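Below is one structure; the comments refer to it alone.
Naming convention: chains lettered A, B, ... in sequence-line order (proteins, then strands); numbering from 1 in each chain. Just so it is clear, the values below take in all heavy atoms, side chains as well, and ignore hydrogens, waters and symmetry mates. These figures come from a predicted structure and were not determined experimentally.
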Amino acid sequence: MKTWIAFSSILMKDMRSYYLKPPNISWGLIFPIAWTLMFFLRSPVAVEVRDLLPGVMALSILFGTTSMLAVTITFERKSRSFERLLLAPISFNLLMLAKTSGAIMFGVVNAFVPVIFASFLTDLSGINWLMILGSVLLVAITSTFLGLFIAVSVSQVFEAQTFSNFFRFPMLFLCGLFIPLADLPSFLRPVSYALPLTYGADILKTAINQNGIISIPLSFIALLCFSVFLFAYSIYNVNRKWIL
Amino acid sequence: MKIIEVENLKKNFNEFTAVDGVNFYINQGEIFGFLGPNGAGKTTTINMLTGMAKITEGKVKLMGEDYTGNAKKAQAMMGIVPDESNLYEELSGWENLVFCGALYGMKKKLSEERAAQLLKEFGLEEAASKSFKAYSKGMKRKLAIAAGIIHQPEILFLDEPTTGIDVAFARQIRNLIVDLHSKGTTIFLTTHYIEEAERLCERLAFIVQGKIVREGTVEEMMKEIQGENIVNFTLGKDFTLRDDFTKIEEEFRSHFPDFNLKMGTKNSGLRIHSPSNFTLFPFVQFFEERGLPVFEAKIIRPSLEEVFVKVTGIELQKMQSEQNQKGKKGQKGGGSRS
Ligand SMILES: Nc1ncnc2c1ncn2[C@@H]1O[C@H](COP(=O)(O)OP(=O)(O)O)[C@@H](O)[C@H]1O
Ligand SMILES: [Mg+2]
């Protein structure tokens with residue numbers, strides 16, 4: 001009960017301080033809308049809107065979560081308020097889950113902005129919504145934990161920004177959304193398979209257009225493994241680097 | 001009952017030993033103080049006790065139970081006020097307090113009641129809804145103390161509670177500490193102000209370069225200088241320069257082998273220590289002959305200060321000028337950040 005009070009108040013505080021702040025809400029909305037417009041205006045044919053949907057969804061999540069979490073945590077570390085959390089009687093695991101839950105929810109919500117948009121432009125029947133929800137959630141989790149991974153690796157806010165982009169932009173091109181995996185030079189393909197977004201995007205493709213190329217269970221397992229690894233490694237680093 | 005017991009506690013940062021095998025305990029309901037200069041290892045000790053730093057060697061116990069390497073177990077019973085504020089700038093005073101209560105698992109209603117009560121007691125009612133970043137330094141420190149006790153901890157850690165705070169607020173904070181103490185809160189306080197330690201603490205330890213050099217109640221400490229006679233001479237010369245002092249001290253020793261000459265707390269002062277009563281004339285003559293006019297000679301009522309200087313060999317003047325430099329640097333840093 002006590003841990004739950006602590007957990008939920010950390011989450012609620014972050015919601016109010018960061019995720020529900022007007023600039024971030026608008027960023028969360030404008031960004032997917034901009035992506036959507038950019039792609040959809042170029043492809044007026046209704047079928048193609050569906051082709052683009054998985055990519056826009058995945059990017060909305062990635063851009064809504066990773067740097068957001070990395071920056072907020074680095075900021076709280078700089079202002080020392082994070083210390084207060086480390087001194088609170090809740091385990092680091094729970095603390096970090098509380099800190100990441102807000103970003104995960106933010107990512108999930110962002111993912112559905114382009115879906116709403118697309119629903120006005122095209123027919124969305126025959127989509128496996130359960131699979132979508134599962135993959136959106138897992139992509140949000142891995143992207144957020146990637147942000148956590150970045151937060152425990154840097155000490156300045158600007159480093160968090162830079163480091164986030166260092167991961168995000170290669171992922172954009174290598175995850176198979178805009179350039180099919182088969183068309184990538186063969187030396188880059190292993191890199192693609194080492195990126196969590198590749199698996200998330202592939203599930204979305206299957207769920208929306210039945211044209212993914214990786215087996216669904218394998219993708220889910222891969223995403224879970226990425227999540228567990230990124231989280232465990234981050235907690236290990238918190239213990240090692242933040243408790244001197 | 002002993003709330004905290006520390007055995008042979010040690011902290012290494014790579015090759016450097018910041019805390020070097022300290023032993024102490026804190027009784028329930030008392031104010032125990034760590035008095036020492038900048039860099040002595042006070043903050044590092046608090047960090048090890050509260051779980052912000054790993055323990056290199058030694059043991060820490062809370063109410064008889066060993067929690068070495070497992071600070072999470074003990075943190076619920078601790079209130080911690082660090083040397084620099086760590087509250088949320090964007091939240092109001094009220095929100096900060098309620099949030100801190102929640103971190104310790106307090107139900108909303110309870111933490112709101114406590115927050116209201118504390119804001120009132122601490123004279124922060126009017127600032128309750130202002131955001132923390134608009135608080136003055138002194139108000140910030142007061143709110144940080146309130147946040148440290150919102151969950152009614154068994155022990156409160158106060159790391160240099162009045163450092164960098166203007167005089168009026170520092171007095172308020174000392175009064176608050178006395179108040180908390182009278183209500184039964186156990187307090188571990190660190191400071192580099194001797195007077196503050198003497199005024200507030202029942203027991204204290206002198207810590208220098210990571211080692212406790214003396215520990216005991218204030219009365220026990222004072223025994224050290226019982227029967228000692230000290231006269232402070234105000235002279236027309238500044239003795240901040242070590243060389244000037246060494247020169248005169250050598251001459252002094254050859255003239256008065258049974259007496260000790262020390263630097264005073266003010267720049268232009270020198271002190272003469274002697275185990276027996278003495279007349280002033282020969283000393284006045286000694287100084288005058290060396291071109292040092294004596295403006296004043298005053299008997300010093302023994303205070304903890306004399307004990308500290310005697311035990312640690314650290315002149316106060318040096319300790320405090322270092323602290324002031326540190327304070328100025330801190331202010332500059334703070335200014336550029338905001
Ligand atoms: N993280 C750290 N890494 C290396 N040295 C440190 C670290 N923290 C403190 N120290 C050193 O340990 C000594 C004690 O520091 P500290 O406990 O902050 O002193 P105090 O609080 O008594 O002023 C100082 O010499 C300081 O430079
Ligand atoms: Mg300190």
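Only the backbone of Ser91(A) comes within contact range of chain B, with at least one heavy atom under 4.5 Å from a heavy atom of that chain. Neither the backbone nor the side chain of Trp4(A) comes within contact range of chain B; no heavy atom of the residue lies under 4.5 Å from a heavy atom of that chain. When heavy atoms are compared at a cutoff of 4.5 Å, Met106(B) approaches chain A solely by way of its backbone atoms N, CA, C and O. If you measure heavy-atom distances from Glu95(B) to chain A, the contacts under 4.5 Å come from the side chain alone.
Residues Trp242(A) and Met52(B) are not in side-chain contact: their nearest non-hydrogen atoms beyond the backbone lie 4.5 Å or more apart. Side-chain contact between Ile10(A) and Phe99(B) is present, with heavy atoms from C-beta onward closer than 4.5 Å. Using a 4.5 Å heavy-atom cutoff, the side chains of Leu91(B) and Ser17(A) are in contact. Residues Lys107(B) and Ile5(A) form a side-chain contact, since some pair of their non-hydrogen atoms from C-beta on lies under 4.5 Å apart.
For the pair Lys2(A) and Tyr104(B), the cation-pi criterion (under 6.0 Å, within 45° of the ring axis) is not fulfilled.
At most 12 non-hydrogen atoms from other residues, nucleotides or ligands lie less than 6.0 angstrom from CZ of Phe166(A). A 6.0 Å sphere centred on CD of Gln209(B) holds no more than 12 heavy atoms belonging to other residues, nucleotides or ligands. The local environment of CE in Met12(A) is sparse, with at most 12 non-hydrogen atoms from other residues, nucleotides or ligands closer than 6.0 Å. A 6.0 Å sphere centred on NZ of Lys241(A) holds more than 12 heavy atoms belonging to other residues, nucleotides or ligands. Applying the 6.0 Å contact sphere to CZ of Phe220(A) captures more than 12 heavy atoms from other residues, nucleotides or ligands. Atom CZ of Phe169(A) sits in a crowded spot, with more than 12 heavy atoms from other residues, nucleotides or ligands closer than 6.0 Å.
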**Study point:** Residues Ser85(B), Arg80(A); criterion side chain to side chain contact (heavy atoms under 4.5 Å, CB included); working and verdict
**Key:** CA-CA 8 Å; Ser85(B) 109; Arg80(A) 294 193 47 173; over 6 Å; no

Exercise for review: Given side chain to side chain contact (heavy atoms under 4.5 Å, CB included), test Leu244(A) with Asn47(B) step by step and report yes or no.
Suggested key: CA-CA 9 Å; Leu244(A) 287 170; Asn47(B) 285 346; over 6 Å; no

Check your understanding: Between Lys13(A) and Glu90(B), is a side chain to side chain contact (heavy atoms under 4.5 Å, CB included) present by the stated rule, with each step listed?
Key -> CA-CA 11 Å; Lys13(A) 189 209 122 312; Glu90(B) 73 278 11; 4.0 Å; yes

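In terms of heavy atoms, Ser9(A) sits closest to Ala102(B) at OG-CB, 3.2 Å. A pairwise comparison of heavy atoms in Ala147(B) and Arg84(A) identifies CB-NH1, 3.9 Å as the closest pair.
Between the side chain of Lys72(B) and the backbone N or O of Ala88(A), at least one donor-acceptor pair lies under 3.5 Å. Although no hydrogens or angles enter the test, the distance criterion places a donor-acceptor pair under 3.5 Å between the side chain of Lys54(B) and the main chain of Ile243(A).
If you tally non-hydrogen atom pairs under 4.5 Å between each of Thr44(B), Ile80(B), Val98(B) and chain A, the highest count goes to Ile80(B).
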